[in-house]
Each structure stands twice: as structure tokens, then as C-alpha cells.
Amino acid sequence: MRPGSPRSSRTITPSSSPLAWRQNDRVIRGREMLRAGTSVVETAIALGFVDQSHFHRVFRAHVAALPGAYRG
């Protein structure tokens, strides 16, 4: 994670699963895209989620906020 970047509310440790690392990275990139004004659907597709609802669930689990709240 870059210095000064927003931190996820979920802690990723060296013992975390590969899926946890991947999801955390996708959520961080998703935050950046949403703040840049990309739609939730476009963000979900660009990050490789199957659909918007899957992205919504993962994002909410990591950030404790709705993806729409991050749109710029």
C-alpha cells in the first residue's frame, strides 16, 4: 500500500489468504476509480467482478460504506 493512500478497515496480514490480498487490492483500486467519477458498474467490470452486486458486497465488507458514496 502506498503511503498516504486510504486504508481499508479490514487488516491484511502476511498470513492472510491470497483471496484476501486480491480483494483488498481490488477495493483500493475501486476506491480510486469511484473517486475519479467512474460508475459503480464500470468499476466492477474493470476490476474483474462478475457483476455489480458482487463488487458491492466485497466493497461494503472492506470499507463499511456503499460504493456509491465514494463516487466523485
Quick one: does Glu32's side chain get under 4.5 Å of Tyr70's, heavy atoms only?
no
Restricting to non-hydrogen atoms, name the atom on Phe55 and the atom on Ala44 that form the minimum distance, rounded to 0.1 Å.
CB-CB, 3.6 Å
State whether the side chain of Arg26 and the backbone N or O of Gly48 hold a donor-acceptor pair below 3.5 Å, judged by distance alone.
yes
Neighbour count above 12 (heavy atom, 6.0 Å) for Arg22 CZ:
no
To the closest 0.5 Å, what do you measure between CZ (Arg57) and CD (Gln23)?
10.5 Å
Tell me whether Arg71 contacts the main-chain N or O of Gly37 through its side chain, where contact means a donor paired with an acceptor under 3.5 Å.
yes
I'd like to know whether Val40 forms a side-chain contact (heavy atoms from CB on, under 4.5 Å) with His56, so could you lay out the CA-CA distance, the side-chain angles of the two residues, the decisive distance to 0.1 Å, and finally the verdict.
CA-CA 8 Å; Val40 176; His56 181 93; 5.9 Å; no
May I ask whether Ile45 and Leu47 are part of the same hydrophobic cluster, defined by side-chain heavy atoms of I, L, V, M, F, W, Y residues being less than 4.5 angstrom apart, directly or through others?
no
Does the side chain of His54 reach to within under 4.5 Å of the side chain of Asp51, using non-hydrogen atoms?
yes
Is there a donor-acceptor contact under 3.5 Å from the side chain of Thr38 to the main chain of Leu34?
no
